[in-house]
Asker: 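One structure, pasted below without further comment.
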Amino acid sequence: KTAALFSAATEVGGVIADAPEDQIKALFDYGDALGIAFQIVDDLLDYRGTDATGKNIGDDFRERKLTLPVIKAVALADDEERAFWQRTIEKGKQDDGDLDHALSLLAKHKTLEATEADARGWAEQAKVALDALPNSDLKNMLGDIADYVVSRIS
């Protein structure tokens, strides 16, 4: 949903400005990639939250949300780990210590690092989409926004 909102919002700006079709598509592509990067960062911050983000670590886990870090961990899981994810996420049977165990599995499989790389890749893809736009302060600002989205994970 996030990507769709970002892509529609940026595309509409180009339509309103009566921009050429290739620039409207570039704005759509920028917004789409930026929205995906934003959502991935949001998923990541649930497991790496800080006081600066205002997110509590593990909220998505407690709400049984199957986010990208968990999807990556499940893909690399052995049978015992897969049973843990099924119990805690799929069935919602969570016990004390399960969040810590989930964090240890994410660390074991380096899924937070892989998720961060994905977010940075999508932010870079958003910036590349801007190549079709003429140089301007607005283009620079849009590039800065893409950088800001991923800077929240540092």
Side-chain angles (χ1 to χ4, degrees), residues 1-77 81 85 88-90 92 94 98-100 102-154:
K1 294 179 185 179
T2 303
L5 290 173
F6 278 64
S7 57
T10 52
E11 180 184 39
V12 166
V15 171
I16 290 171
D18 200 27
E21 204 57 42
D22 65 324
Q23 292 179 15
I24 292 171
K25 180 175 179 347
L27 288 167
F28 177 89
D29 292 345
Y30 164 83
D32 189 51
L34 183 67
I36 293 169
F38 183 91
Q39 186 59 58
I40 291 172
V41 168
D42 190 63
D43 292 351
L44 181 61
L45 289 176
D46 189 66
Y47 293 99
R48 276 196 190 163
T50 66
D51 291 338
T53 64
K55 288 195 72 150
N56 295 317
I57 292 178
D59 282 348
D60 286 349
F61 177 79
R62 284 184 284 279
E63 294 172 14
R64 302 171 48 199
K65 291 182 181 176
L66 190 59
T67 60
L68 189 56
V70 173
I71 291 168
K72 288 179 175 293
V74 170
L76 298 170
E81 293 166 352
W85 292 117
T88 58
I89 300 297
E90 183 181 325
Q94 298 181 3
D98 281 345
L99 176 59
D100 288 335
L103 291 169
S104 72
L105 292 175
L106 297 176
K108 173 185 175 184
H109 294 295
K110 299 183 183 333
T111 64
L112 298 179
E113 293 86 349
T115 300
E116 179 177 338
D118 287 349
R120 292 188 186 283
W122 281 104
E124 188 58 34
Q125 188 171 328
K127 289 168 47 176
V128 167
L130 297 174
D131 288 347
L133 302 179
N135 288 330
S136 67
D137 289 341
L138 178 60
K139 178 180 176 178
N140 293 336
M141 181 189 70
L142 293 173
D144 290 346
I145 291 170
D147 289 337
Y148 172 75
V149 163
V150 292
S151 74
R152 300 181 310 142
I153 55 180
S154 298

Asker: Are any of the side-chain nitrogens in E116 or R48 under 4.0 Å away from the carboxylate oxygens of its partner?
Answerer: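 Result for this pair is yes, salt bridge flagged.
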Asker: For V150 and A123, work out which heavy atoms get closest and say how close.
Answerer: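 Closest heavy-atom pair between V150 and A123: CG1-CB, 3.6 Å.
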Asker: I'd like to check E81 versus K108 (side-chain heavy atoms, cut-off strictly below 4.5 Å). Are they in contact?
Answerer: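 Yes, their side chains come closer than 4.5 Å.
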Asker: Could you give the distance from CG (D43) to CD1 (I153), rounded to the nearest 0.5 Å?
Answerer: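 The CD1 atom of I153 is 11.5 Å from CG of D43, to the nearest 0.5 Å.
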Asker: Identify the two heavy atoms, one from E90 and one from R64, that lie closest to each other, and give their separation to 0.1 Å.
Answerer: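 Heavy-atom minimum between the residues: O-NH2, 2.5 Å.
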Asker: Identify, with sequence neighbours excluded, every residue that meets salt bridge (charged side-chain N to carboxylate O under 4.0 Å, His left out) alongside D42.
Answerer: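 Expected list: K55.
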Asker: Check step by step if side-chain contact (heavy atoms from CB on, under 4.5 Å) holds for F61 and L103.
Answerer: CA-CA 10 Å; F61 177 79; L103 291 169; over 6 Å; no
Asker: Strictly distance-based, threshold 3.5 Å: is any side-chain N or O of R120 a donor or acceptor partner for the main-chain N or O of T115?
Answerer: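 Side chain of R120 to backbone of T115: no pair is present.
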Asker: Does the E124 side chain pair with the main chain of A146, one donor and one acceptor, at a distance under 3.5 Å?
Answerer: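 No, E124 side chain to A146 backbone: no donor-acceptor pair under 3.5 Å.
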Asker: Heavy-atom count around D131 CG within 6.0 Å, excluding the residue itself: above 12?
Answerer: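 Counting neighbours around CG of D131, more than 12 heavy atoms of other residues, nucleotides or ligands fall under 6.0 Å, so yes.
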Asker: Check the pair D46 / I57 against side-chain contact (heavy atoms from CB on, under 4.5 Å), numbers first and verdict last.
Answerer: CA-CA 5 Å; D46 189 66; I57 292 178; over 6 Å; no
Asker: What closest approach, in Å, do K127 and D147 show between heavy atoms, and which atom pair accounts for it?
Answerer: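 Residues K127 and D147, closest heavy atoms: NZ-OD1, 2.7 Å.
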Asker: Short question: side chain of Y30, backbone of L142 - any donor-acceptor pair under 3.5 Å?
Answerer: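 Yes; at least one donor-acceptor contact below 3.5 Å.
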Asker: Got a second to check how far L130's CG is from S136's OG, nearest 0.5 Å?
Answerer: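 Nearest 0.5 Å value for the CG-OG distance: 9.0 Å.
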Asker: Would you give the length of the straight line joining atom CZ of R62 to atom CD1 of I89, rounded to the nearest 0.5 angstrom?
Answerer: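 Rounded to the nearest 0.5 Å, the CZ-CD1 separation comes to 11.0 Å.
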Asker: Could you give the side-chain donor-acceptor pairs of residues 65-75 under 3.5 Å, partners two or more places apart or in another chain?
Answerer:
from: K65; atom 1: NZ; to: E63; atom 2: OE1; distance (Å): 3.2
from: K72; atom 1: NZ; to: D118; atom 2: OD2; distance (Å): 3.0

Asker: For D29 and A129, work out which heavy atoms get closest and say how close.
Answerer: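 Taking every non-hydrogen atom into account, CB-CB, 3.9 Å.
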Asker: So, taking the atom named CG in L45 and the one named CG in L112, what distance separates them when rounded to the nearest 0.5 Å?
Answerer: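 These two atoms lie 10.5 Å from each other.
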Asker: Return yes if some donor-acceptor pair links the side-chain N/O of Q23 with the main-chain N/O of L133 below 3.5 Å, else return no.
Answerer: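 Answer holds: no.
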Asker: Evaluate the side-chain proximity of Y47 to L44: yes if any heavy-atom separation is below 4.5 Å, no if none is.
Answerer: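 No, every pair of side-chain atoms sits at 4.5 Å or beyond.
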Asker: Are R152 and F38 side-chain neighbours, meaning at least one heavy-atom pair lies under 4.5 Å?
Answerer: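 In short, these two side chains touch, coming nearer than 4.5 Å.
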Asker: Does a side-chain N-to-carboxylate-O contact under 4.0 Å join K25 and D22?
Answerer: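 Answer for the salt bridge query: no.
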